[in-house]
Amino acid sequence: MKSTLSLLLALACAPALAAPPLDFEARAETLRQRIGVPGLAIAIVEDGKTTLARGFGVRQLGAPAAVDGDTLFPTGSTGKAITVAALATLVDDGKIKWDDKVTEHLPGFQMYDPWVTREITIRDLLTHRSGLGYGAGDLLFVPRSKLSRAETVHRVRFLEPATSFRSTYAYSNLMYVVAGQLIEQVSGKTWEEYTREHVLRPAGMTVSTTHNEDNFATANRAYPHARMNGGLRGAGDQVRLDERDDLGRNAAPAGGIASSANDLARWLHTLLGAGATPEGKRVFSAATHEQMWTPSMPMPTGPMPPELKLIESKLSSYGLGWDLMDYRGARMIWHGGAVFGFGTAVVLLPEQNVGFAIAINSEDGELVRGLMYELADHYLGKPQADWPATFQAYKAKKVKQGLELVKAKQAKPVKSTPSLPPASLVGTYADPWYGKLAITQDKKGLRVDFTSTQRMAGRLEHWQYDTWITRFDDQALEPAYLSFAFDKDGKVGGIKLAPVSPIADFSWDYADLNFTPIKTTE
């Protein structure tokens, strides 16, 4: 009886299945083609072995070069965990502690509130609880930037909080930029150099890059794609984007790593090994690894729509660079990543000793999330559901709703004239954290230029009342409404902004901007 019970307990604790799903590679390729994703890379690690690390499809539309296990994909915010790992090596070396005050290592750093400036710790930077709003300050590097990392960190002090300190979860790329600057200050090396030398290469990630130029110099790399011509981003035909129109490199610590299926497998091994590679080499200690996966900040767990009810978490928290959640009774540790033209997920099921990573060179996240939950169900021994089809239908519904909202708004601008002639709007305006906005006039009308961002300029057309709409030269940029307010003398007193698209990514944080005219000396 005792031996039977021991056997049953051992089976209960073991991975549900110890190999990828039957015919998984053929299914992944079928799904890639069905959804229209140009290229796909997948890595799976189980019980200390890499059971899959390969590519599917092509690196770019219109060219035959295939994706393989070494093809580089920008991995977006999944890189936050690698920035945390870089900090972990500094903790292991005794140079910092997770709960050190940020100002101990960045003496000039300031938040808007002096008390928060004094109290904010390294752990706070990594757990989305600084009090800033969701995605606040992302326009300092979205879609591009002229700013250095140091200047970006300096501008944090001008961002007003949305909530009290440590009270509310609100995703913040900007705090990871601060963390990257802190790594440079403590180590004497840039985030790019330090992360490559102390995390990527020790983990055996031999082709992964921290510099865009290293990525661009690698022939075996994927190119970005998106759907642009269907009325809003995410709808229409797949087209290749300009890979050099990447997010500002000032924000690289928040998501600037490019990696491959083979290298992501090495990363999964290191994570499942509590900081040790398969060869036994320590990248970071088990103690710092434990901190990464310890809940630090509760996350909202609101109800999911009926078709996604199965993935609704009962408990969800953020660790250090990781989402910590339950899925169908099991612990799931994961993070998603999305940069222009790419999507990624890195997922771990610690009790099953399984990890997998999925990367695509398009913005069709339904394939990433669909495969993610299909693999999770397999390794947890749950009944299989067609998650890719579910997510595909859900996205189609959201895009349809978005198109209807955009159509309704754009079909019914009120017939009106602006309070002032266009020439009266010409001038230079400033927002405390973003910087300057320039409005000029030529023979064709008004132009607007967001001067902290390369090539974020275009026509400004009247919409209704005193609201104007941007027609950016770069059509990949999210358009914005600019609403002008006037002072008692009938001059422009301020400009408030809002995204045109009702489903614009949160990083287009136009609503956080408040431009006022720069006074000129007469």
Work out which heavy atom in D70 is nearest to a heavy atom in N220; give both atom names and the distance.
C-ND2, 3.6 Å
Considering residues at least two apart in sequence or located in another chain, which fulfil the ring pair (Phe, Tyr, Trp, His ring centres under 6.0 Å) criterion with Y194?
H198
Examine distances only and state if a side-chain atom of D92 and a backbone atom of S285 form a donor-acceptor pair shorter than 3.5 Å.
yes
Ignoring hydrogens and geometry, is there a side-chain-to-backbone donor-acceptor pair from E184 to K189 under 3.5 Å?
no
With sequence neighbours left out, write down each residue that passes side chain to side chain donor-acceptor pair (under 3.5 Å) with H289, or none if nothing qualifies.
none
Output the distance between atom OG1 (T103) and atom CZ (R118), rounded to the nearest 0.5 Å.
9.5 Å
For F284, give me all partners under ring pair (Phe, Tyr, Trp, His ring centres under 6.0 Å), at least two apart in sequence or on another chain.
none
Would you say R221's side chain and F216's backbone share a donor-acceptor pair under 3.5 angstrom?
yes
If the condition is side chain to side chain donor-acceptor pair (under 3.5 Å), which residues does S77 pass it with, not counting sequence neighbours?
K80, Y171
Residues in side chain to side chain donor-acceptor pair (under 3.5 Å) contact with R201, at least two apart in sequence or another chain
none
Check the side chains of T121 and D124 for a donor-acceptor pair under 3.5 angstrom, ignoring hydrogens and angles.
yes
Side chain to side chain contact (heavy atoms under 4.5 Å, CB included) with L61: which residues, sequence neighbours excluded?
P38, H225, Q238
Should the pair Y169 and H128 be assigned to parallel (<30°), tilted (30 to 60°) or perpendicular (>60°) ring geometry?
perpendicular
Rounded to the nearest 0.5 Å, what separates atom CH2 in W387 from atom CD in Q392?
14.5 Å
Please tell me if the side chains of Y223 and N361 come closer than 4.5 Å, counting only heavy atoms from C-beta onward.
no
Look at R331 together with E351 and state whether they make a salt bridge at an N to O cut-off of under 4.0 Å.
yes
Are side-chain heavy atoms of V368 and T344 found at a separation under 4.5 Å?
no
Intermediate values then yes/no, side chain to side chain contact (heavy atoms under 4.5 Å, CB included), D505 and E478:
CA-CA 9 Å; D505 187 87; E478 285 285 354; 5.9 Å; no
Quick one: are R129 and S172 in side-chain contact, heavy atoms under 4.5 Å?
no
Could you walk me through whether R369 and I311 pass side chain to side chain contact (heavy atoms under 4.5 Å, CB included), step by step?
CA-CA 11 Å; R369 297 297 294 274; I311 70 171; 4.2 Å; yes
Atom CG in L125, atom CD1 in I120: separation rounded to 0.5 Å?
5.0 Å
Can you tell me if S260 and N262 form a side-chain donor-acceptor pair at under 3.5 Å?
no
Atom CZ of F340 and atom CG of L247: how far apart are they, to the nearest 0.5 Å?
5.0 Å
So, are E29 and R32 salt-bridged, with charged N and O less than 4.0 Å apart?
yes
Shortest non-hydrogen pair, G48 vs N353, comes out as N-ND2, 4.1 Å
Rounded to the nearest 0.5 Å, what separation is found between the CZ atom of F391 and the CG atom of L367?
11.5 Å
Side-chain heavy-atom pair W267, I82 within 4.5 angstrom cut-off:
yes
Not counting sequence neighbours, which residues clear side chain to side chain donor-acceptor pair (under 3.5 Å) with E312? List them please.
K309
Holding to ring pair (Phe, Tyr, Trp, His ring centres under 6.0 Å), I want the full list of residues that pass it with Y134, two or more places apart in sequence or in another chain.
F506
Please check: side-chain N/O of H269 versus main-chain N/O of E279, any donor-acceptor pairing under 3.5 Å?
no
Strictly below 4.0 Å, N to O, side chains only: are E307 and K397 in salt-bridge contact?
yes
Using side chain to side chain contact (heavy atoms under 4.5 Å, CB included) as the criterion, list what pairs up with E104, not counting sequence neighbours.
D100, K101
Taking only residues two or more places apart in sequence or in another chain, which ones pass side chain to side chain contact (heavy atoms under 4.5 Å, CB included) with V186?
L90, K95, I96, H105, L182
Within the distance-only criterion (no hydrogens, no angle test), does the side chain of T75 pair as donor or acceptor with the backbone N or O of I257 below 3.5 angstrom?
yes
Closest heavy-atom contact between E366 and I35?
OE2-CG2, 3.6 Å
Would you say the side-chain atoms of D263 pair up with the backbone N or O of V207, donor to acceptor, closer than 3.5 Å?
yes
Not counting sequence neighbours, which residues clear ring pair (Phe, Tyr, Trp, His ring centres under 6.0 Å) with Y327? List them please.
Y373
Quick one: does R233's side chain get under 4.5 Å of S501's, heavy atoms only?
no
Side chain to side chain contact (heavy atoms under 4.5 Å, CB included) between I333 and M292, worked out:
CA-CA 10 Å; I333 295 168; M292 297 173 188; over 6 Å; no
K398: what forms a salt bridge (charged side-chain N to carboxylate O under 4.0 Å, His left out) with it, not counting sequence neighbours?
none
What distance separates T209 OG1 from N215 CG, expressed to the nearest 0.5 Å?
4.5 Å
Salt-bridge criterion met for E374 and R27 (N-O under 4.0 Å)
yes
T83 side chain to P253 backbone, donor-acceptor under 3.5 Å
yes
Kindly say whether L140 contributes a backbone atom to a donor-acceptor pair with the side chain of S145 at under 3.5 angstrom?
yes
Between the side chain of D377 and the main-chain N/O of Q384, is any donor-acceptor distance below 3.5 Å?
no
Heavy-atom closest contact (V67 atom, A41 atom, distance):
CG1-CB, 4.5 Å
Just by distance, do the side chain of R59 and the backbone of A66 share a donor-acceptor pair under 3.5 Å?
yes
When every non-hydrogen atom of S296 is compared with those of R123, the smallest separation belongs to OG-NH1, 4.0 Å
Here the pair of heavy atoms bringing T152 nearest to V177 is CG2-CG1, 4.2 Å
